[in-house]
Amino acid sequence: MAFTKLSIEAAGADATRGSFPPSETDVWTIFRALRDARSVFGLRPGHIQTLQAMLSFLKPGHGETVFASNNSLCQRVGGIDERTLRRHINRFVELGFIKRNDSSNRKRYRVRSSGGECISYGLSLTPCSNVRASL
């Protein structure tokens, strides 16, 4: 729970900036808190770089699901091996910061159901954002 304490402190420090929309600020505030407390969770710098790359693929106002392919993520991180990327993602899933929403063909995309509901298949960063919302 050091992470929640750090995110509270960081949120208080960054709330005065006000240059980004609240949802975007929350994601990056949580990222910075996690980066600073990475040793508590057993994360290495490579894990943090992977999370930063995933966050960089988020589009403001389009939800908190990453649709980028593993190849695109590997390139954005700096050319890491795909196997390493999968290990990093699995570690975040184990910690509960990311949730996988896999499609039947393992591709990442968004579709609308016949009822007009939006269904997203990809890497959901919602659990990471919910840490801040639950405080």
Side-chain angles (χ1 to χ4, degrees):
M1 308 312 133
F3 178 62
T4 55
K5 289 179 184 176
L6 285 172
S7 64
I8 290 171
E9 292 168 6
D14 291 335
T16 58
R17 292 185 187 167
S19 60
F20 297 107
S23 61
E24 188 175 336
T25 302
D26 290 345
V27 173
W28 288 105
T29 299
I30 292 169
F31 168 76
R32 285 188 294 274
L34 182 59
R35 179 193 62 202
D36 295 342
R38 67 182 173 84
S39 61
V40 173
F41 298 103
L43 299 174
R44 292 178 297 210
H47 291 105
I48 301 303
Q49 289 174 336
T50 300
L51 180 60
Q52 186 174 15
M54 286 189 281
L55 289 172
S56 72
F57 276 105
L58 292 178
K59 296 179 183 175
H62 286 76
E64 296 175 342
T65 302
V66 177
F67 300 109
S69 68
N70 283 356
N71 187 34
S72 296
L73 285 168
C74 287
Q75 290 175 355
R76 180 94 31 122
V77 173
I80 65 169
D81 186 54
E82 187 174 346
R83 187 173 175 194
T84 303
L85 175 76
R86 283 183 271 149
R87 279 197 315 267
H88 291 176
I89 291 171
N90 287 337
R91 180 67 180 141
F92 285 117
V93 171
E94 289 170 6
L95 290 171
F97 295 137
I98 293 177
K99 182 181 176 212
R100 287 182 187 270
N101 296 324
D102 291 332
S103 66
S104 57
N105 62 359
R106 311 280 287 171
K107 301 282 184 185
R108 299 176 186 148
Y109 57 93
R110 177 179 288 154
V111 295
R112 291 206 180 268
S113 67
S114 57
E117 182 181 331
C118 195
I119 302 169
S120 298
Y121 296 107
L123 300 170
S124 175
L125 299 175
T126 304
C128 194
S129 297
N130 287 340
V131 170
R132 169 82 167 107
S134 66
L135 298 177

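As the structure is a computational prediction, the values presented were derived from the model and not from experiment.
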Name every donor-acceptor pair, under 3.5 Å, that has one atom in a side chain of residues 70-77 and the other anywhere in the protein, sequence neighbours excluded.
{"from": "Asn70", "atom 1": "OD1", "to": "Arg108", "atom 2": "NH1", "distance (Å)": "3.2"}
{"from": "Asn70", "atom 1": "OD1", "to": "Arg108", "atom 2": "NH2", "distance (Å)": "2.7"}
{"from": "Asn70", "atom 1": "ND2", "to": "Glu82", "atom 2": "OE2", "distance (Å)": "3.3"}
{"from": "Ser72", "atom 1": "OG", "to": "Ser69", "atom 2": "OG", "distance (Å)": "3.1"}
{"from": "Arg76", "atom 1": "NH1", "to": "Ser56", "atom 2": "OG", "distance (Å)": "2.9"}

Determine which pairs satisfy ring pair (Phe, Tyr, Trp, His ring centres under 6.0 Å) with at least one residue from residues 57-87, sequence neighbours left out, and list them in order. none
Test: side chain to side chain donor-acceptor pair (under 3.5 Å). Region: residues 112-122. Which pairs qualify, not counting sequence neighbours? Arg110-Ser120
Determine the minimum heavy-atom distance between Glu64 and Val27, stating which atoms define it. OE2-CG2, 4.0 Å
Applying the 4.5 Å side-chain criterion to the ILVMFWY set and letting contacts propagate, would Phe92 and Trp28 be lumped into a single cluster? yes
Partners meeting side-chain contact (heavy atoms from CB on, under 4.5 Å) with Arg83 (sequence neighbours left out): Asp81, Arg86, Arg87
Restricting to non-hydrogen atoms, name the atom on Asn101 and the atom on Ser124 that form the minimum distance, rounded to 0.1 Å. ND2-CB, 3.7 Å
Could you grab the distance from atom CG of Leu51 to atom CZ of Phe31, nearest 0.5 Å is fine? 6.0 Å
Determine all donor-acceptor pairs shorter than 3.5 Å in which one atom belongs to a side chain in residues 40-50; sequence neighbours excluded.
{"from": "His47", "atom 1": "ND1", "to": "Arg44", "atom 2": "N", "distance (Å)": "3.0"}
{"from": "Thr50", "atom 1": "OG1", "to": "Gly46", "atom 2": "O", "distance (Å)": "2.9"}
{"from": "Thr50", "atom 1": "OG1", "to": "His88", "atom 2": "ND1", "distance (Å)": "2.7"}

Partners passing side-chain contact (heavy atoms from CB on, under 4.5 Å) against Asn90 (at least two apart in sequence or in another chain): Arg100
Tell me every residue that passes side-chain hydrogen bond (donor to acceptor under 3.5 Å, both in side chains) with Thr65, counting only those two or more places apart in sequence or in another chain. none
Linking I/L/V/M/F/W/Y whenever their side-chain heavy atoms sit closer than 4.5 Å, directly or via other members, would Tyr109 and Leu58 fall into one cluster? no
Does Leu55 belong to the same Ile/Leu/Val/Met/Phe/Trp/Tyr cluster as Val93, with side-chain heavy atoms less than 4.5 Å apart forming each link? yes
